[in-house]
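Report on the structure given below.
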Amino acid sequence: MERAEKKNDRFEHKTEQDPTIVYGKNAVTELLKSGAAVDTVFVQDTMNAAQAGYYTAIAREAGAVVKRVHAAKLRGMCGTEGHQGVAAWAASVDYVSLDDLLAEAARRGEPPFLLLADGVEDPHNLGAIIRTALLCGAHGVVIPRRVTPTVLKSSAGAAARLAVARVANIGEAVRRLKAQNVFVYCADMDGRPAFQQNLTGAIALVAGSEGSGVSPLVKSLCDGVLSLPMAGGGTGVDSFNVSVATGI
């Protein structure tokens, strides 16, 4: 029995399964306590409350999202019945801290130029935003921890070339940036035309989600709200795609 548990409790790297899936009680515990970046921890919905509470606590301490799932879901993700009720989706991006992004700007001798993605969920949009930020000379991109693993994995190619900081929430990141004398602006249709605003110096730009835009709290914390002029009156199209708007 002991040998069987040891066999099933390991880091699994099957070619037919996602190579970033780690499953088994000991393996997931070790991963979460190692300091490695973890996106999501999946806990079987029938796991007893004490064990589930333990994994929830160490997952949150590691900055991971916790999801309760059915055993069939875990079996499909891990490719085995031996998942022991818990699995983790290791991060496909090596994250840095917000302070690291500011330090990179200082190292280059440049005023900080950052981009914050407030709830962007489409992987193609996030990937395009990160790629645009890289090519426009940004020092990094900031995303919230709640961004799903699928989005992050799809954006990993662009993220490998530009530093990405993952924070508990975007609002707190805005507060911290303002405390460092970084002016923070968000994009919203009711804002001041962007081309009438002096965007030089230390700045951060916040791009909102595809559906609802920048959250009300984050918007209220920003130093200014920017909009883009549009020539599409009467066409039924009233906004840019978030990645296009960010590029502009």
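Keep in mind it's a predicted model, so treat the numbers as computed, not measured. If you read the sequence from its start, that first residue is 1, and numbering goes on from there. In what follows, every heavy atom counts, from backbone to side chain, and hydrogens, waters and symmetry copies are set aside.
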message: Test side chain to side chain contact (heavy atoms under 4.5 Å, CB included) on I143 and L126; report intermediate values, then the result.
response: CA-CA 10 Å; I143 63 172; L126 186 58; 4.3 Å; yes

field: Test log, rule side-chain hydrogen bond (donor to acceptor under 3.5 Å, both in side chains), inputs D99 and S97
entry: CA-CA 5 Å; D99 288 338; S97 69; 5.0 Å; no

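Remark: the backbone N or O of L221 is paired with a side-chain donor or acceptor of K178 at under 3.5 angstrom. Between the side chain of H139 and the backbone N or O of F113 there is at least one donor-acceptor pair closer than 3.5 Å. Judged purely by atom type and a 3.5 angstrom limit, R166 has no side-chain atom pairing as donor or acceptor with the backbone of V96. Checked by atom type and distance alone, the side chain of Y55 pairs as donor or acceptor with a backbone atom of K25 at under 3.5 Å.
Residue I21 comes nearest to C78 through the heavy atom pair CG2-SG, 4.1 Å, listed as atom of the first residue, atom of the second, then distance. The two atoms that bring G24 and Q84 nearest to each other are CA-OE1, 3.4 Å, heavy atoms only. Contact between G191 and S227 at its shortest, heavy atoms only, is O-OG, 2.8 Å. For R192 against Q196, the heavy-atom pair with the smallest separation is NH2-O, 2.8 Å. Nearest heavy atom pair, residue S209 against residue S212, reads OG-OG, 3.0 Å. A pairwise comparison of heavy atoms in G201 and P111 identifies C-CB, 3.6 Å as the closest pair.
Under the 4.5 Å side-chain heavy-atom criterion for ILVMFWY residues, a single connected hydrophobic cluster contains both I248 and M230. The hydrophobic clustering, which links ILVMFWY residues whose side-chain heavy atoms are closer than 4.5 Å, places L199 and V141 together. Residues L102 and V174 share a hydrophobic cluster, clusters being chains of Ile/Leu/Val/Met/Phe/Trp/Tyr side chains in contact below 4.5 Å. In terms of hydrophobic clustering, with Ile, Leu, Val, Met, Phe, Trp and Tyr side chains grouped at heavy-atom distances under 4.5 Å, V225 and M189 are assigned to different clusters. In the hydrophobic clustering of this structure, V142 does not group with I129; members are Ile, Leu, Val, Met, Phe, Trp, Tyr whose side-chain heavy atoms approach within less than 4.5 Å, directly or through other members.
Counting heavy atoms from C-beta on, the side chains of V167 and Y95 never come closer than 4.5 Å. Residues I170 and S215 have side chains not in contact (no heavy-atom distance under 4.5 Å, counting atoms from C-beta outward).
F42 CZ to K67 NZ: the interatomic distance, rounded to the nearest 0.5 Å, is 5.5 Å. One finds the CD1 atom of I203 at 11.5 Å from the CG atom of L177 (value rounded to the nearest 0.5 Å). From N125, atom CG reaches atom CD1 of I130 across 11.0 Å, with rounding to the nearest 0.5 Å. Considering CD of Q180 and CG of L98, their distance stands at 8.5 Å, rounded to 0.5 Å. If you take CG on D118 and CG on L217, they are separated by 9.0 Å, rounding to the nearest 0.5 Å. The line from NE2 of H70 to CD of Q44 is 7.5 Å long, rounded to the nearest 0.5 Å.
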Quiz: residues 181-188 side-chain donor-acceptor pairs under 3.5 angstrom, not counting sequence neighbours:
| from | atom 1 | to | atom 2 | distance (Å) |
| --- | --- | --- | --- | --- |
| Y185 | OH | Q197 | NE2 | 3.4 |
| D188 | OD2 | D190 | N | 3.2 |
| D188 | OD2 | K219 | NZ | 3.3 |

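Note on R176 versus E172: no salt bridge recorded, every NZ/NE/NH1/NH2 to OD/OE distance being 4.0 Å or above.
When the options V206, L101, L205 are evaluated for a side chain to side chain contact (heavy atoms under 4.5 Å, CB included) with L114, the one that passes is L101.
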